[in-house]
Amino acid sequence: GAVVSQHPSRVICKSGTSVKIECRSLDFQATTMFWYRQFPKQSLMLMATSNEGSKATYEQGVEKDKFLINHASLTLSTLTVTSAHPEDSSFYICSAIWTVNTEAFFGQGTRLTVV
Amino acid sequence: AQSVTQLGSHVSVSEGALVLLRCNYSSSVPPYLFWYVQYPNQGLQLLLKYTTGATLVKGINGFEAEFKKSETSFHLTKPSAHMSDAAEYFCAVTETGANSKLTFGKGITLSVRP
């Protein structure tokens with residue numbers, strides 16, 4: 001299957017700083033990328049959907065000013081957690097699709113710890 | 001709206017025993033159904049999927065699942081568990097015609113006893 005690479009795999013940051021997480025589709029052009037958040041022992045909760053060249057669509061309850069998503073190219077989407085706080089500590093996972101109704105390929109996830 | 005129910009949070013089986021992980025879904029339109037596996041601190045790997053056609057689908061690592069519309073179910077099975085099957089398993093649904101936005105169940109942890 002296609003490869004989606006997420007970087008970094010782990011990051012520890014201080015409270016109040018911002019952290020950027022990258023999601024790259026390595027061997028296909030991803031028109032749409034999804035960002036999920038996963039709490040320990042829980043399911044994946046969709047945070048937002050990003051389409052290349054347009055603003056991301058955020059799920060209800062997700063603060064768009066806190067979780068900035070940019071999808072500037074067909075192979076790269078970034079999630080920036082701004083002014084991070086300990087409660088933002090979580091596992092963040094991206095997925096990418098080529099076009100509508102095609103299979104979603106997942107990145108390996110990023111473990112964010114805010115201290 | 002769509003939803004996925006995975007009853008229970010943990011299943012434990014002996015090595016060589018049958019694996020059965022249950023998934024029920026709710027969808028207002030014909031669904032696409034998926035099973036994913038997640039190993040610790042890793043992303044999700046697709047095990048198998050149902051879109052249209054044959055209701056019994058076979059996936060990787062010996063897993064299979066059957067779509068039963070009348071029961072709104074998509075249970076995952078494997079005849080003989082292996083130690084390497086120990087992981088978290090997620091059932092997911094997306095509506096046909098949707099943009100592959102997945103709705104996940106809460107997941108089930110599978111443990112395999114020697």
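In what follows, every chain begins at residue 1, and chains take the letters A, B, ... in the order their sequences are listed.
- For B:Leu44, the parts lying under 4.5 angstrom from a heavy atom of chain A are both the backbone and the side chain.
- Both B:Val57 and B:Phe67 are part of a single hydrophobic cluster, where members link through side-chain heavy atoms under 4.5 Å apart.
- For a residue to count as touching a neighbouring chain, one of its non-hydrogen atoms must lie under 4.5 Å from one of that chain's; by this rule B:Tyr36 touches chain A with the side chain only.
- For the pair A:Glu103 and B:Lys49, the minimum side-chain heavy-atom distance is below 4.5 Å.
- Put simply, the side chain of A:Ser43 never gets that close to the backbone of B:Gly107: no donor and acceptor are under 3.5 Å apart.
- The local environment of NE2 in A:His7 is sparse, with at most 12 non-hydrogen atoms from other residues, nucleotides or ligands closer than 6.0 Å.
- Both the backbone and the side chain of A:Leu44 come within less than 4.5 Å of a heavy atom in chain B.
- For A:Gln6, no part lies under 4.5 angstrom from a heavy atom of chain B.
- Under a hydrophobic-cluster definition in which Ile, Leu, Val, Met, Phe, Trp and Tyr are linked whenever side-chain heavy atoms come within less than 4.5 Å, directly or via other members, A:Phe91 and A:Trp35 are assigned to different clusters.
- Counting heavy atoms from C-beta outward, A:Tyr36 and B:Leu102 have side chains that approach closer than 4.5 Å.
- Residue pairs meeting the disulfide bond (SG atoms under 2.5 Å apart) criterion with at least one member in residues 33-64 of chain B: none, sequence neighbours excluded.
- Residues B:Ile60 and B:Phe90 fall into different hydrophobic clusters, defined by Ile, Leu, Val, Met, Phe, Trp and Tyr side chains chained together at heavy-atom separations under 4.5 Å.
- In this structure, the portion of B:Gln38 lying under 4.5 Å from any heavy atom of chain A is its side chain and not its backbone.
- Note: the hydrophobic cluster containing A:Val114 also contains A:Met47 (ILVMFWY, side chain heavy atoms under 4.5 Å, direct or indirect links).
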